[in-house]
Amino acid sequence: MATKDRIPLALVGVGKIARDQHFPSIANGEDFVLKAAISRHGRVEGIDNFDSLEAFLATGTDIKAIALCTPPEVRFDMARQVIAAGFDVLLEKPPATTIGEAEALAAIARDAGVTLFATWHSRFANGVAPATAWLADKKIEKVSIVWKEDVRRWHPGQDWIWEPGGFGVFDPGINALSILTAIIPGAILVDTATLEFPANRLQPIAATIAMRTSAGAPISADFDWRQEGPQTWDITVETDRGILRLAKGGAELHIGDSPTEIGPDREYPRIYDRFAHLIRSRESDVDFQPLRLVADSFLRAERREVADFVE
Ligand code: NAP
């Protein structure tokens, strides 16, 4: 696409995910051009930088699309402000800290006539669309999720993640739930949850959840942030006609015993393809099912205290 036709974009929250994924996907894609960054400490060379959203909005900018890549705790107020200013908005996951906030944002965006895209990056992993298609005509018998990673490796120095609204182990766990709710049709209900909280932290370091499909098939989820060595992000679906396994967070798909060829990783590039499509067609994409499952897990939770977590 000619540079002049690219959509000017601002990004808020120059942190790990902005640097690891958003910047390369925007730069290598054809739809957007990054014009401004808003961050208290982070700076991006070659574009306009602002310390606060207020300072950015006060410039009367003609940028009309924005990606919010801050932690969820501050997302609602920022989103409300930029929607009121007429921006089309991309929300990193999770879209907000509560269902109430998320639904309010969807309503405000609808009333303002702007595009709101509540992203779930794991849904754009290569294996998810073919898995959804393969499962569509099968009877689901059992689903097992094992999502175990090393918090020290993936969230170094991120104190916000342990605070109220930070999600704890549900920060990665919600990615599994976003895939689950994409590949399994219908409602998913939480029956029981056991959450393990380090004695010195306010959010869980591990969770075991028992759920079921609306047809009654059992779904188990085992989230743990204490896994060193190889990391596990697997979802196994047993059906009446074989077993499907998504591995590596959806990047690998196995049907039966064989891996399925699904091409190179395009998770974040696909997110920006979709954002551009939504903006150009004046649509929104707001699905809060993964957030609802997290909320339901906390509502059902039995709390257990475990050893202190010291980074
Ligand atoms: P991060 O490294 O802490 O970066 C977030 C940035 O937001 C910070 O660098 C900070 O920049 C800014 N910020 C604004 N208000 C803040 C506040 N009250 N507390 C802390 N930071 C604040 O976090 P991240 O890993 O990029 O995660 C951001 C979002 O992306 C989260 O919702 C997370 O779930 C999601 N995500 C993360 C990953 C991952 O692998 N890390 C993957 C996918 C999605 P300034 O200090 O410069 O303002």
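Counting begins at 1 with the first residue of the sequence. Start at 1 and go down the list; that is how both ligands and their atoms are numbered.
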I'd like to check whether [X] has a polar contact with ligand 1, where a contact means an N/O of the residue lying under 3.5 Å from an N/O of the ligand.
X	result
D171	yes
H121	no
K16	yes
G42	yes

Touching ligand 1 at all, F170? Heavy atoms, strictly under 4.0 Å? no

Distance from [atom] to nearest protein heavy atom, with residue and atom:
atom	answer
atom 44 (C) of ligand 1	E92 OE1, 3.3 Å
atom 3 (O) of ligand 1	W160 NE1, 3.0 Å
atom 29 (C) of ligand 1	T70 O, 3.5 Å
atom 8 (C) of ligand 1	G15 CA, 4.3 Å
atom 12 (C) of ligand 1	G13 CA, 3.9 Å
atom 46 (O) of ligand 1	H41 ND1, 2.6 Å
atom 23 (O) of ligand 1	Q158 NE2, 3.3 Å
atom 22 (C) of ligand 1	R40 NH2, 3.1 Å

Using a 4.0 Å heavy-atom threshold (strictly under), name the region of R75 that reaches ligand 1: side chain, backbone, both or neither. side chain

Enumerated ligand 1 atoms positioned under 4.0 Å from heavy atoms of [X]:
X	result
P71	5 (C), 7 (O), 13 (N), 16 (C), 19 (N), 20 (C), 21 (N), 22 (C)
Y268	43 (C), 44 (C)
P72	32 (O)
V74	15 (N), 18 (N)
S39	11 (O), 45 (P), 47 (O), 48 (O)

Of the listed options ([options]), which comes nearest to [atom] when hydrogens are ignored and any heavy atom counts?
atom	options	result
atom 5 (C) of ligand 1	C69, G157, P156, P94	C69
atom 40 (O) of ligand 1	V14, I17, I174	I17
atom 32 (O) of ligand 1	K93, R19, E73, Q21	K93

Does a donor on one side chain and an acceptor on the other come within less than 3.5 Å for E267 and Q21?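 No - no donor-acceptor pair under 3.5 Å links their side chains.
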
Can T97 and R75 be counted as having a side-chain donor-acceptor contact under 3.5 angstrom?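 The answer is no; no qualifying pair exists.
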
Would you say [X] and [Y] make side-chain contact, with heavy atoms under 4.5 Å?
X	Y	result
F56	D48	no
R282	D88	yes
V74	W160	no
Q289	I188	no

Could you point out which residue of F170, W147, F167 forms a ring pair (Phe, Tyr, Trp, His ring centres under 6.0 Å) with F223? F170

Let's go through F309 and W225 carefully: what are the C-alpha distance in whole Å and the side-chain angles of both, what is the deciding distance for ring pair (Phe, Tyr, Trp, His ring centres under 6.0 Å) to 0.1 Å, and is it a yes or a no? CA-CA 10 Å; F309 173 78; W225 246 350; 7.8 Å; no

Hey, what do you get for CZ (R40) to OG1 (T70), rounding to the nearest 0.5 Å?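 Nearest 0.5 Å value for the CZ-OG1 distance: 9.0 Å.
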
Enter the distance from T115:OG1 to L278:CG here, rounded to the nearest 0.5 Å. 6.0 Å

Counting only heavy atoms not in K138, do more than 12 fall under 6.0 Å of its NZ?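 Count over threshold, so yes.
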
Nearest non-hydrogen partners of D308 and A199, listed with the distance: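 So the two residues come closest at OD1-CB, 3.2 Å.
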
In the single-linkage hydrophobic clustering (I, L, V, M, F, W, Y; side-chain heavy atoms under 4.5 Å), do L9 and L91 co-cluster?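 Looking at the clustering, L91 is in a separate group from L9.
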
